[in-house]
K.L.:
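I have a structure I would like to understand better, so I am pasting it below and will then ask my questions one at a time.
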Amino acid sequence: MNPKNPPFAPFGTFTARHTLFALGAALLCMSVQAQTPPAGESAMVKLIRGLIDSGALKKDVGEALLAQAQTEAMAATQARQVAAAPGPRLEPGDVRVPYISSTVRDQIRDEVKGEIMAQARSEGWAAPNETPEWTKRIRIEGDMRVRGESRSYSAKNSNQEIDWRSLNAGSGYDVNSNTNLSLPPLLNTRQDRNNQLRVRARLGVIADVSESTQAGIRLATGSDDSPVSTTQTLGGGLNKKNVWLDQAWVSYRFNDMLSVIGGRFGNPFYTTDMLFSNDLNLDGLAARFSKPLANSDVSLFGTVGVIPLEYSSDSSPSRSLDKQASHNKWLLGVQAGANWKLDNENKLRGALAYYEFKNIEGRVSSPCALYAGVDGCDSDWSRPAFMQRGNTLMLLRNIALNPAAPATTPQPQYVGLASKFQLLDINARWDTRVAGGYGLRLDGNFIRNLAYNPSEMFRRANGNILNNFRQNGGTTQADFDSGANAYMLQATLGQPDLAARGDWNLLAGYKRIEPDALPDGYNDSTFHQGGTNARGYYLGANYAVDKNTYLTGRWSATRSIFGPQVSIDTLQLELNTRF
């Protein structure tokens, strides 16, 4: 409680104190006047006029009191006349009660109450049990998931799959066998991982700032800063777990058709997890449009997004007087589509999108003399900030050899994406009813990388392509195997969105994602452990055991499309809840 504004602060303020004083004086004078004959203009009337002139009484309140005083004076005169006339007289103990009309009483009461309540609201002490207004415009939402996961690897898998992400995170891997005999970091491809317990927790706050403006913040768990997963693996010596800023955004709605959002926000495009993981959030700006067609069951929608993927360092190279120019990576996306309600049981949604990933392909550097102390090479910025597996990769550094010892010059290398990515994305959904009213949802998605060009990839890499070759040992373009297409089909029987106890669904699907159909850093991290160069099917079931709480079982069997064999089976059992 603020000591300067106690609960009964109106009695300590000038306006309320003088108003109540004036009312008390007025009532006292009323009582005196009721017993004392007036001489000309009564003392009561004079007092009220003086209070009005001094400002102690508001004009409208004073005029009401003045009218009442004049009425009381007339009533007193009549009373004296009655008393002088023959008839019963007041006996000792009798009380004469002056009459105040109900209209005047109500007016006085409303005026005083209005003043006091207005000041109470402004000072925040009125209605102490009432929830403050601003809290009604804020809501909290979140979800929790506990997962048990097991991964099984074929014993026939190649055990030579390089962990390119770890290789890029260090100071470079020395590819000169004369100076480095150690292997690069490798992924596990043969040893099963069973019964790993994992959790995901997300907590968000959304504020309705006004009818048009909203703002939101969300925190989430995560074993690392991966953009595609907020899942936290348990164990680790029972250490505390990390919490990350998952979302932070502001949106503005111009009208029912157009809104914009900026910051870090959920994916605004209609996509499947073949392109963007369900946990992926995007940075930047996006605008969404929607418009129902008049006298029709069709509504149109569209989305435009400008997404910064990565900004080059301001101070790179850190140990050089000359800094590099700015090299920024972007995602530009545009999508248009329509929802069509055919009848009460059939709905269609179709969307066509184009995504251009600008400046994310690798670049070969100019000759850099690392042996002479040069701090990095001028193409180091082009290595991906995050990658999973599958994309065709190339060496980035053109390392100058030491003339005094060319054979023993260390050659620490980074890798980058060999292909450019300009994606045409078509996806469709059909909701219907079958077998006596059960819901059936069919989803389809096709993606084509319009910028895929193997000849250009080899030219850009100066022939230094590293993966996606046939298993004949060759590393020329004739031995190269990749592709630019990806597609997915999925069927869901039952209730697609589980909310009430007893809701259930079954799902089955198939995916095929060729190595360079899309960037491997942003899609689902479960299917083939994320990325591209994967094909396989998956089965799942969900059952709601309570309101907004459901059990999930999901199994997938995947394998690589090109290159050395990598087969992975994944089983996930989950308990999910949201609030």
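The figures here come from the full heavy-atom set of this structure, side chains too, leaving out hydrogens, waters and symmetry mates.
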K.L.:
Looking at residues at least two apart in the chain, or sitting in another chain, which of them share a side chain to side chain donor-acceptor pair (under 3.5 Å) with N194?
P.N.:
none
K.L.:
Could you tell me whether a side-chain N or O of Y270 sits under 3.5 Å from a main-chain N or O of A428, the two making a donor and an acceptor?
P.N.:
no
K.L.:
Quick one: side chains of residues 477-486, donor-acceptor pairs under 3.5 Å with protein atoms, not counting sequence neighbours, listed by atom name and distance.
P.N.:
| unit_1 | atom_1 | unit_2 | atom_2 | d |
| --- | --- | --- | --- | --- |
| Q477 | NE2 | S455 | OG | 3.1 |
| D479 | OD1 | N472 | ND2 | 3.2 |
| D479 | OD2 | T475 | N | 3.4 |
| D479 | OD2 | T476 | N | 3.2 |
| D479 | OD2 | T476 | OG1 | 2.8 |
| D481 | OD2 | R470 | NE | 3.4 |
| S482 | OG | D516 | OD2 | 2.6 |
| N485 | OD1 | R448 | NH1 | 3.0 |

K.L.:
With distance as the sole test, does N359 use its side chain to make a donor-acceptor pair with the main-chain N or O of W330 at under 3.5 Å?
P.N.:
no
K.L.:
Atom NZ in K291, atom CG in N255: separation rounded to 0.5 Å?
P.N.:
9.5 Å
K.L.:
Kindly say whether N157 contributes a backbone atom to a donor-acceptor pair with the side chain of R190 at under 3.5 angstrom?
P.N.:
yes
K.L.:
Please, which pairs that meet ring pair (Phe, Tyr, Trp, His ring centres under 6.0 Å) have at least one residue in residues 152-175, sequence neighbours excluded?
P.N.:
none
K.L.:
Find out whether F357 and L423 are in side-chain contact, i.e. whether some heavy atom of one side chain is under 4.5 Å from a heavy atom of the other.
P.N.:
yes
K.L.:
Taking the side chain as everything from C-beta on, heavy atoms only, tell me whether N523 gets closer than 4.5 Å to M274.
P.N.:
no
K.L.:
Minimum heavy-atom separation for Y510 to G536, with atom names?
P.N.:
CD1-O, 3.2 Å
K.L.:
CD of Q411 to CG of D174: how many Å apart, nearest 0.5 Å?
P.N.:
7.0 Å
K.L.:
Could you check whether atom CH2 of W430 has more than 12 heavy atoms from other residues, nucleotides or ligands sitting under 6.0 Å from it?
P.N.:
no
K.L.:
N281 versus R218: any side-chain heavy-atom pair under 4.5 Å?
P.N.:
yes
K.L.:
Given E361 and R460, is the salt bridge (charged side-chain N to carboxylate O under 4.0 Å, His left out) satisfied, shown in steps?
P.N.:
CA-CA 9 Å; E361 68 274 9; R460 184 184 305 111; 5.1 Å; no
K.L.:
With sequence neighbours excluded, what pairs up with R578 under the salt bridge (charged side-chain N to carboxylate O under 4.0 Å, His left out) test?
P.N.:
none
K.L.:
Determine, step by step, whether K511 and D273 satisfy the salt bridge (charged side-chain N to carboxylate O under 4.0 Å, His left out) criterion, reporting the C-alpha distance in whole Å, the side-chain angles of both residues, the deciding distance to 0.1 Å, and the verdict.
P.N.:
CA-CA 10 Å; K511 294 180 185 178; D273 62 7; 2.9 Å; yes
K.L.:
Show which side-chain atoms of residues 373-381 pair as donor or acceptor with protein atoms under 3.5 Å away, not counting sequence neighbours.
P.N.:
| unit_1 | atom_1 | unit_2 | atom_2 | d |
| --- | --- | --- | --- | --- |
| D375 | OD1 | R319 | NH2 | 3.3 |
| D375 | OD2 | S318 | N | 3.1 |
| D375 | OD2 | S318 | OG | 3.4 |
| D375 | OD2 | R319 | N | 2.6 |
| D378 | OD1 | S366 | N | 3.1 |
| D378 | OD2 | S366 | OG | 2.5 |
| S379 | OG | R363 | O | 3.1 |
| S379 | OG | S365 | N | 3.3 |
| S379 | OG | L396 | O | 3.0 |
| D380 | OD1 | R397 | NE | 3.0 |
| D380 | OD2 | C377 | N | 3.0 |
| D380 | OD2 | R397 | NH2 | 2.8 |
| W381 | NE1 | D378 | O | 3.1 |

K.L.:
Begin with the C-alpha distance, continue with both residues' side-chain angles, and end with the deciding distance and a verdict on salt bridge (charged side-chain N to carboxylate O under 4.0 Å, His left out) for R200 and D143.
P.N.:
CA-CA 8 Å; R200 183 186 71 181; D143 61 84; 3.4 Å; yes
K.L.:
State whether the number of non-hydrogen atoms from other residues, nucleotides or ligands found under 6.0 Å of K241 atom NZ is greater than 12.
P.N.:
yes
K.L.:
Check the side chains of T231 and R145 for a donor-acceptor pair under 3.5 angstrom, ignoring hydrogens and angles.
P.N.:
yes
K.L.:
Among all residues two or more places apart in sequence or in another chain, which pass the ring-ring contact (aromatic ring centres under 6.0 Å, His included) test with F276?
P.N.:
Y355
K.L.:
Against I513, only a single residue in I561, L275, T532 fulfils side-chain contact (heavy atoms from CB on, under 4.5 Å); can you say which?
P.N.:
T532
K.L.:
Is it the case that S320 and D322 place a side-chain donor and acceptor less than 3.5 Å from each other?
P.N.:
no
